[in-house]
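These notes concern the structure reproduced below.
Computed from a predicted model, the values in this text were never measured in an experiment.
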Amino acid sequence: MISKIFLKELKDTLRDRRTLMTMIVIPLLIFPIILKVFTGVSESFQEEAANKTLNIAIVGGDENSYLSKSIAELPNMQGDKKLLYIADTTGLEKMLKNDSIHLAMEAVGDLTASEQEGVASTVKVYYNATDIGYKDRAEYYLGALKANVKGERLAKLNVSAESVDPVNIDYVNVASAKEVIGKLAGGILPYLFIAFGFIGCMYPAIDLFTGEKERGTIETLLTTPVPRYKLLIGKMGVVVLSGLAASSFALFGLYLSFEVFELVEDPKLVEVVRGILSLSFVGLLYLLLLPLTIFFAGVMIPICVYAKSFKEAQSIITPLNIVVVLPAMVGFFPGIELDYTTAFIPIVNVVLATKELIAGTLDPALLFLSFGVMITLAAIAVTVSYKQFDKEGNVVL
């Protein structure tokens, strides 16, 4: 009987275009669209930065000054550079903000005398921090200038560079590329899975409970000789399946982005993602998503049973999306990891466990603790749903 109710409600749900959009189309396309936009914008910025001529103003100097000649002789970091000369800093802020110049450099004191006397000198750099990349180019030019001057002074003193800089530092990264991606960028995957899982549950839950009340078909269904808990399980099964389907199509969209559309060209990144999207990863991911989706359904159904109209149910459930999204954003913050405290926090434990799963550093004990917490919450949510569904005043208008 439960399976018959489930199949009947599933057929009705699949006829709803709005549900199909939120359950299949949008999750399936979200990763290809995000990656396409991201790679397109990134390539556009890189191309623009590589071809852009950097206008550098030399304050209080001309083409014969030590600073001007030194900067002019340095090779370009990317793009080209053009030196301009201004008498003082009057109007400098305005020129930087309207992009007539991109950087300004001012020698504090006489650089030529400083170089000859072997004393330290200062170069003041003016830049607009809202223009990304200009400061990096300034640091490149001045770093090269500093290295050249240092080399010339050491040569005059007949001193080797090793004698004044005797220690070479070699940084060795012991984390694999998979761990780095998991720890730094792994938060976006569980965030999207949870968001789509919630949205995937929302419309079927509203339609199968509040929608039936509006259409007047819930009374007919309740007159059948079927225990009310079987009706609830059959309907809830469709809601849970819709939420899991939305998450699954989002995962499938990620697979298509890398394997079919080839939107990412970095072979190392593609290799890491292929390693992540293994059968063991998918299996453990569903181990976490299943109780979470049941929990979502158990939270939504009492609201849908109580609401008198589709609009009322939607207006109550939609703000809950913020309540779900906020803890899901914990995955974006570095330094917060799954432990015996965070494993007891719903949604947060799923996000952090998925993040550790992507990195390949998940502790099995913490995985099953998180799973147990979500199973417990899902059972409580289902019990509350049944109590609300069993109240005659809630299911009949």
Side-chain angles (χ1 to χ4, degrees), residues 10 13-14 16-38 182 185-208 236-261 263 273 276-277 281-301 303-304 313-314 316-332 346-355 357-358 370 374 377-378 381:
L10 180 61
T13 298
L14 293 176
D16 185 3
R17 292 182 180 179
R18 178 173 46 196
T19 301
L20 291 178
M21 286 290 291
T22 57
M23 185 172 65
I24 299 175
V25 179
I26 295 177
L28 186 63
L29 296 179
I30 190 67
F31 275 111
I33 290 174
I34 288 176
L35 288 174
K36 182 67 176 176
V37 171
F38 178 79
I188 190 171
L189 287 181
Y191 174 82
L192 290 174
F193 291 149
I194 289 172
F196 281 120
F198 184 88
I199 296 172
C201 289
M202 185 171 71
Y203 285 110
I206 296 174
D207 184 65
L208 294 180
M236 181 176 280
V238 175
V239 176
V240 172
L241 179 63
S242 300
L244 289 175
S247 299
S248 300
F249 280 107
L251 185 63
F252 186 54
L254 177 64
Y255 172 81
L256 292 178
S257 301
F258 282 86
E259 298 294 338
V260 179
F261 303 134
L263 297 177
V273 172
I276 290 173
L277 296 178
F281 169 80
V282 174
L284 291 173
L285 178 63
Y286 278 99
L287 184 69
L288 293 166
L289 289 179
L290 179 59
L292 178 66
T293 310
I294 295 174
F295 173 69
F296 286 160
V299 170
M300 292 180 191
I301 288 174
I303 297 172
C304 296
Q314 191 175 21
I316 297 174
I317 292 178
T318 301
L320 284 179
N321 199 12
I322 300 174
V323 178
V324 171
V325 165
L326 286 178
M329 291 178 66
V330 168
F332 293 110
I347 302 178
V348 171
N349 54 7
V350 175
V351 172
L352 296 179
T354 307
K355 194 174 176 180
L357 185 60
I358 294 170
S370 302
M374 293 312 303
L377 291 174

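Note that CD1 of Ile317 and CD1 of Ile206 are 4.0 Å apart. Values are rounded to the nearest 0.5 Å. Separating the CD1 atom in Ile358 from the CG atom in Leu284 is a distance of 12.0 Å, to the nearest 0.5 Å. From Met202, atom CE reaches atom OG1 of Thr318 across 4.5 Å, with rounding to the nearest 0.5 Å. Remark: Phe198 CZ to Ile347 CD1 distance equals 8.5 Å, nearest 0.5 Å. Separation of atoms CG (Leu320) and CE (Met300) is listed at 7.5 Å; rounding is to 0.5 Å. Put simply, CD1 on Ile24 and CG on Leu29 are 11.0 Å apart, with the number rounded to the nearest 0.5 Å.
A donor-acceptor contact shorter than 3.5 Å links the side chain of Ser247 to the backbone of Phe193.
Minimum interatomic distance between Cys201 and Phe296 (heavy atoms only, all atoms of both residues): SG-CB, 4.3 Å. Across all their heavy atoms, Lys355 and Gly331 have their closest contact at NZ-O, 2.7 Å. Among all heavy-atom pairs drawn from Leu377 and Pro346, the shortest one is CD1-CB, 3.3 Å. What you find for Ala246 and Pro27 is that their closest heavy atoms are O-CB, 3.2 Å. Contact between Leu288 and Thr354 at its shortest, heavy atoms only, is CD1-OG1, 3.8 Å. Nearest heavy atom pair, residue Pro204 against residue Val239, reads C-CG2, 4.2 Å.
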| request: Go through Tyr203 and Ser242 one step at a time and tell me if the side-chain hydrogen bond (donor to acceptor under 3.5 Å, both in side chains) criterion holds. | output: CA-CA 9 Å; Tyr203 285 110; Ser242 300; over 6 Å; no
| request: Could you go through the side-chain contact (heavy atoms from CB on, under 4.5 Å) check for Leu357 and Phe281 one step at a time? | output: CA-CA 7 Å; Leu357 185 60; Phe281 169 80; 3.6 Å; yes
| Check against side-chain contact (heavy atoms from CB on, under 4.5 Å), Leu189 and Leu254 | CA-CA 9 Å; Leu189 287 181; Leu254 177 64; 3.7 Å; yes
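Counting heavy atoms from C-beta outward, Leu290 and Val240 have side chains that approach closer than 4.5 Å.
Aromatic ring pairs are classed by plane angle as parallel below 30°, tilted from 30° to 60° and perpendicular above 60°; the pair Phe249 and Phe252 is perpendicular.
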